[in-house]
Peer 1: 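Got a structure for you, questions after.
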Amino acid sequence: MSTVARESGTVRLDGRVVVVGGGLAAARVASALRRKKLTGPIDIVTAEEHLPYDRPPLSKDVLVGSKDSTALPFDPSRLDVTVHTGRTATGVDTRAQILRTDAGDLAYDGLVIATGAAPIRLPGDGEQFTLRTIDDALSVRDRLTPGARVVIIGASWIGAEVATAARTRGCHVTCLEYAEAPLANTLGQAVAGHLLPWWSGIDLRCGTSVEEVTDDGVVLADGSVISADVVVTGIGVRPCIGWLDGSGLPTDRGVLTDEFCRTAVAGIVAVGDVAQRWSPSADRHRLVEHWDDAGGAAATAASALLGEAAAYDPVPYFWSDQFGHKIQYVGAHGPDDTETITTTEVGELDAVAWTTPNGDLSAWLGVDRPRDVIAARTAVGSPAAEFAAAHA
């Protein structure tokens with residue numbers, strides 16, 4: 001069971017709920033609270049200057065120029081929600097039930113922590129872009145002009161999507177990856193090797209370590225410099241939990257919660273990329289930094305604030321659109337699992353199934369196989385042979 005020791009207490013229907021963060025999770029929690037008949041005030045505090053918007057299209061539609069906005073269908077006036085844009089949370093007094101911000105304090109009866117995660121940046125004073133906000137995406141897009149020298153640090157999910165957009169827009173693209181193949185640390189060397197042909201037309205340099213980003217370009221560990229007009233770093237994110245220092249809320253890699261999104265303090269829940277939620281099926285806390293989880297857990301977080309018990313422990317799912325392919329992944333494989341790779345008639349990657357030592361399906365990855373995703377997600381935790389026979 002969860003190791004989060006939780007105090008008792010719920011929020012009255014006429015109580016004030018403050019949501020910290022302005023992304024998908026924040027918008028959906030606010031909407032869920034209104035559906036559950038909360039009549040009290042709802043305040044959303046977000047450091048960004050925008051109303052909640054969708055992030056997955058930033059590295060896809062926005063970068064290639066097919067969209068300028070990814071705003072969510074979220075109407076604060078209809079929901080009677082006050083959105084405080086450009087306001088940053090700086091701390092919380094859990095005993096007094098006060099949120100500290102750079103624009104003054106806000107009292108609350110219920111608090112939703114949905115501050116998401118921030119991209120990891122490399123050392124150096126040179127211009128270095130990450131891709132997390134709509135402003136990031138628009139700034140990068142402005143620089144993806146034909147002939148521009150684009151250096152991407154990290155052949156990650158986001159790195160591959162940026163590389164796709166940059167190549168499409170006629171840039172000269174170099175990608176620097178520390179591992180021996182794209183996504184090797186995530187998917188394993190054998191699977192990652194099948195992704196290498198996708199990077200045709202891009203100067204992909206694997207096994208490369210970056211020291212810093214300067215005005216001259218990207219400095220490698222051997223001292224050499226790669227000149228660049230644009231540098232985009234995609235080497236991961238960290239949950240935004242620094243503002244909670246001194247609050248007494250238990251944290252690890254993220255804010256620790258139980259399977260109901262409840263923290264150790266009554267009236268406080270955490271949801272989205274910042275939450276490290278207890279998973280009964282995995283028997284551990286999971287940090288699931290994916291769109292599907294952030295949106296799906298919102299109703300559970302809202303229910304928990306109002307004293308309703310509705311555990312959330314889905315099979316993880318995410319997707320990536322890169323180089324003309326859609327990769328979809330369900331489950332979570334471990335280091336002791338075996339992998340079975342299938343390819344198409346022309347030798348291209350088709351699917352990967354991971355099997356636990358006891359023969360159960362732990363995870364599945366499909367390339368351009370959207371019709372099999374639901375079945376795979378349902379099959380996780382059951383005998384892998386049965387799924388393989390039905391979806392060969």
Side-chain angles (χ1 to χ4, degrees), residues 1-2 56 155-157 160-161 179-198 236 253 258-259 273 275-297 300 310-392:
M1 62 185 301
S2 172
S156 56
W157 301 109
E161 294 184 353
E180 294 305 313
L183 299 171
N185 293 335
T186 302
L187 301 177
Q189 185 65 41
V191 178
H194 286 277
L195 303 179
L196 287 171
W198 294 7
R253 292 170 58 209
D258 61 13
E259 61 268 38
D273 292 357
Q276 194 173 351
R277 191 179 61 250
W278 179 258
S279 168
S281 61
D283 196 32
R284 61 181 176 85
H285 283 94
R286 272 179 169 168
L287 188 65
V288 184
E289 299 166 327
H290 303 311
W291 181 94
D292 186 71
D293 192 83
T300 295
Y312 189 69
D313 187 28
V315 174
Y317 164 73
F318 70 89
W319 78 97
S320 175
D321 297 326
Q322 52 184 266
F323 306 117
H325 297 284
K326 178 178 285 294
I327 299 178
Q328 292 171 288
Y329 177 101
V330 298
H333 66 275
D336 297 327
D337 296 347
T338 58
E339 62 191 19
T340 301
I341 301 173
T342 59
T343 59
T344 65
E345 293 180 354
V346 295
E348 295 180 346
L349 183 64
D350 179 52
V352 185
W354 284 271
T355 306
T356 65
N358 65 3
D360 289 340
L361 183 71
S362 61
W364 178 87
L365 178 148
V367 177
D368 303 323
R369 293 183 59 171
R371 290 182 295 180
D372 294 326
V373 171
I374 294 177
R377 197 169 188 178
T378 302
V380 168
S382 61
E386 296 180 5
F387 175 77
H391 299 273

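Just so you know, these numbers use all the heavy atoms, side chains as well, and skip hydrogens, waters and symmetry mates. Along the sequence shown, residues carry numbers from 1.
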Peer 1: Less than 4.5 Å apart, any side-chain heavy atom of W319 and any of V373?
Peer 2: no

Peer 1: If you measure from OG1 on T343 to NE2 on H194, what distance do you get to the nearest 0.5 Å?
Peer 2: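 Result: 6.5 Å between the selected atoms.
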
Peer 1: For the atom pair CZ (F387) and CG (D372), what is the distance rounded to the nearest 0.5 Å?
Peer 2: 6.0 Å

Peer 1: Give me the atom names and distance for the closest heavy-atom approach of G193 to A181.
Peer 2: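 Closest approach of G193 to A181: N-CB, 4.4 Å.
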
Peer 1: Step through the shown structure and confirm whether more than 12 heavy atoms of other residues, nucleotides or ligands are within 6.0 Å of CG on L196.
Peer 2: yes

Peer 1: W354 and side-chain contact (heavy atoms from CB on, under 4.5 Å): which partner among L365, T340, T338, D336?
Peer 2: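 Of the listed options, the one satisfying the test is L365.
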
Peer 1: Which heavy atom of K326 sits nearest to which heavy atom of D321, and what is that distance?
Peer 2: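 Shortest heavy-atom separation between K326 and D321 comes out as NZ-OD1, 2.8 Å.
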
Peer 1: Less than 4.0 Å between a side-chain N and a carboxylate O, is that true for R277 and D293?
Peer 2: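 The answer is yes: the pair qualifies as a salt bridge.
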
Peer 1: Less than 4.5 Å apart, any side-chain heavy atom of E348 and any of V367?
Peer 2: no

Peer 1: So which atom in L287 and which in A275 form the shortest heavy-atom distance, rounded to 0.1 Å?
Peer 2: CD1-O, 3.2 Å

Peer 1: Let me confirm one number: the CH2-CD distance from W364 to E339, rounded to the nearest 0.5 Å.
Peer 2: 15.5 Å

Peer 1: If you round to the nearest 0.5 Å, how far is CD of Q328 from CG of D368?
Peer 2: 8.5 Å

Peer 1: Mind checking whether L187 and V352 have side chains closer than 4.5 Å, heavy atoms only?
Peer 2: no

Peer 1: Can you tell if the side chain of Y329 reaches within under 4.5 Å of the side chain of H290, non-hydrogen atoms only?
Peer 2: no

Peer 1: Check side-chain hydrogen bond (donor to acceptor under 3.5 Å, both in side chains) between Q276 and all other residues, then give those that pass, not counting sequence neighbours.
Peer 2: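 By the side-chain hydrogen bond (donor to acceptor under 3.5 Å, both in side chains) rule, Q276 matches D252.
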
Peer 1: Could you tell me which non-hydrogen atom of V330 sits nearest to which non-hydrogen atom of A376, and how far apart they are?
Peer 2: CG2-CB, 3.8 Å

Peer 1: Ignoring hydrogens and geometry, is there a side-chain-to-backbone donor-acceptor pair from S320 to I327 under 3.5 Å?
Peer 2: no

Peer 1: Specify the closest pair of heavy atoms between A353 and L361, including all atoms of both residues, with the distance to one decimal.
Peer 2: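 Between these two residues, the closest heavy atoms are CB-CD1, 3.9 Å.
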
Peer 1: Heavy atoms, side chains only, cut-off 4.5 Å: are W157 and L183 in contact?
Peer 2: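 W157 reaches L183 side chain to side chain.
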
Peer 1: Measure up the W198 and H325 rings against each other and bin them: parallel (under 30°), tilted (30 to 60°), perpendicular (over 60°).
Peer 2: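 Ring orientation, 0 to 90° scale: parallel.
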
Peer 1: Quick one, P383 and D360 - any side-chain contact, counting heavy atoms below 4.5 Å?
Peer 2: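 Contact flag for P383/D360 side chains = yes.
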
Peer 1: Quick one: list whatever passes side-chain hydrogen bond (donor to acceptor under 3.5 Å, both in side chains) with T356, sequence neighbours left out.
Peer 2: N358

Peer 1: If every non-hydrogen atom of A192 is compared with every non-hydrogen atom of P182, which pair is closest and at what distance?
Peer 2: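 Taking A192 first and P182 second, the nearest heavy atoms are CB-O, 3.0 Å.
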
Peer 1: Sub-3.5 Å donor-acceptor pair from the side chain of D313 to the main-chain atoms of S281, do we have one?
Peer 2: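 The answer is yes, because a donor-acceptor pair under 3.5 Å joins these two groups.
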
Peer 1: Got a sec, which residues hit salt bridge (charged side-chain N to carboxylate O under 4.0 Å, His left out) with R377, two or more places apart in sequence or on another chain?
Peer 2: D292

